[in-house]
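In what follows, a single structure is set out as structure tokens and then discussed.
Keep in mind that the numbers below use all heavy atoms, side chains included, and drop hydrogens, waters and symmetry copies. Per chain, numbering begins at 1; letters A, B, ... match sequence-line order.
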There are 4 protein chains.
Amino acid sequence: MTDVGGIAAEQLRSFIERIERLEEEKKALQSDIKDIFAEAKGNGFDVKIMRQILKLRKMDQAEVDEQETLLDVYRQALGMLPPTE
Amino acid sequence: MTDVGGIAAEQLRSFIERIERLEEEKKALQSDIKDIFAEAKGNGFDVKIMRQILKLRKMDQAEVDEQETLLDVYRQALGMLPPTE
Amino acid sequence: MTDVGGIAAEQLRSFIERIERLEEEKKALQSDIKDIFAEAKGNGFDVKIMRQILKLRKMDQAEVDEQETLLDVYRQALGMLPPTE
Amino acid sequence: MTDVGGIAAEQLRSFIERIERLEEEKKALQSDIKDIFAEAKGNGFDVKIMRQILKLRKMDQAEVDEQETLLDVYRQALGMLPPTE
DNA sequence: AACGTTGAAATAGTTC
DNA sequence: GAACTATTTCAACGTT
């Protein structure tokens, strides 16, 4: 292992490059999403409305999840669940 | 106006200090909130549950707001509102 | 929490509402800060740099130095700096 | 959008779902990145500094220099630097 | 008391 | 250049 200034240089480089690759992939996906919006717009759909719909669907799901969490928290508070499962 | 390096130093200092004061006030409020949680806990309430309740109340409100925004967006898309009010 | 409809429920509501009020105030302060940045920008100042200034004024010098030293070590390990400057 | 129950609605649903799928994939990648940072940390690397490295590798040198120069001007204006170093 | 988790705040990039 | 979106960063919090 090559040590530069007390650092395992090769290992560091490997971590950095793996992250950069994944970030590239993320960027590509973002670009795909952009393309879909553009395609939808070309088909006469209103992108702004689509974004609102997506946001609402996300919020709805979050709300459901949150309700279930709250339920569990209450259950635990009332001793209806093992303390730490 | 005292110019240092081409910068209106007095004015800059004034902006910076005003912001720092407001941030102090924010910090104080945050501390107050913490105290209330502690007080509630001392009265037998479960802080975790309280946080869940606060989160849900916020989400509900956000959802209502979002619905109204969506409605407006639809209205505008359908020509029921002036384009840019 | 079991005394729904009685004292406990009232007390819980009170705690929740006090916290919500304080959070509203925090939001208002945040908005004031935003306004000051906007005003500064209107007077030709660079908001981003101002934020860095604020951050530096919060940090102690030892911290700043340590971070910069470590960053250089990593940069050298990755060949991002000339070998012996 | 007016053709509810017909082709348009189906098409809209398709666009929405494709986007949601891509966003899921993005989330998964983000999670992978998180894991790598955790692994690096477990190997003794400083995650915060790694982030700075990643940012520097993205920026061009001219940008970096310009920011630092401006920051010094502001610091001098506020007396945060010795008058003539 | 370090650790990871989460939520808020800031920055950067994109669109109009 | 103004507004919006998305990403990143930072700080608080509970957890172990």
Identify every side-chain donor-acceptor pair in residues 25-43 of chain A under 3.5 Å, counting partners at least two apart or on other chains, and give the distances.
unit_1: Lys26(A); atom_1: NZ; unit_2: Gln30(D); atom_2: OE1; d: 2.5
unit_1: Gln30(A); atom_1: OE1; unit_2: Lys26(D); atom_2: NZ; d: 2.4
unit_1: Glu39(A); atom_1: OE1; unit_2: Arg18(D); atom_2: NH2; d: 3.3
unit_1: Asn43(A); atom_1: OD1; unit_2: Gln11(D); atom_2: NE2; d: 3.0
unit_1: Asn43(A); atom_1: ND2; unit_2: Glu39(A); atom_2: O; d: 2.8

Quiz item: For DNA chain F, whose closest nucleotide is more 5', that of Gln30(B) or that of Lys58(D)?
Solution: Lys58(D)
Quiz item: Of Ile33(A) and Lys27(B), whose closest DNA chain F nucleotide lies nearer the 5' terminus?
Solution: Ile33(A)
Quiz prompt | Partner set under side-chain hydrogen bond (donor to acceptor under 3.5 Å, both in side chains) for Glu24(A), not counting sequence neighbours | solution = none
Quiz item: For residues 51-64 of chain D, which residue pairs qualify under salt bridge (charged side-chain N to carboxylate O under 4.0 Å, His left out), counting only residues two or more places apart or in two chains?
Solution: Glu20(A)-Arg57(D)
Quiz item: When the distance from CG of Leu56(B) to P of dG7(E) is rounded to whole Å, what number comes out?
Solution: 12 Å
Exercise. Go along nucleotides 11-16 of chain E 5' to 3' and tag each nucleotide: B for a protein heavy atom under 4.0 Å from its base, S when only backbone or sugar atoms are that close, - otherwise.
Key: SS--SS
Exercise. To the nearest Å, give me how far apart CG (Leu54(B)) and C1' (dG7(E)) are.
Key: 13 Å
Exercise. Using atom CZ of Arg57(B) as one end and atom P of dG7(E) as the other, report the distance to the nearest whole Å.
Key: 18 Å
Quiz item: Rounding to a whole Å, what distance do you find between Asp35(B):CG and dC13(F):P?
Solution: 11 Å
Quiz item: Given side chains that start at C-beta, do those of Ile53(C) and Leu12(B) come closer than 4.5 Å, heavy atoms only?
Solution: no
Quiz item: Does Arg21(A) have any salt bridge (Lys or Arg N to Asp or Glu O under 4.0 Å) partners at least two apart in sequence or in another chain, and if so, which?
Solution: none
Exercise. May I have the distance from Asp46(C) (atom CG) to dA10(E) (atom P), rounded to whole angstrom?
Key: 15 Å
Practice problem: Rounded to the nearest angstrom, tell me the gap between atom NZ in Lys26(C) and atom C1' in dA12(F). | Solution: 9 Å
Practice problem: Please list, chain by chain and in numerical order, all residues satisfying salt bridge (Lys or Arg N to Asp or Glu O under 4.0 Å) with Glu23(A), sequence neighbours excluded. | Solution: none
Quiz item: Roughly how many Å is it from CD1 in Ile19(C) to P in dC13(F), rounded to a whole number?
Solution: 11 Å
Quiz item: Within this structure, what is the CD-to-P distance between Glu23(A) and dT9(F), rounded to whole angstrom?
Solution: 9 Å
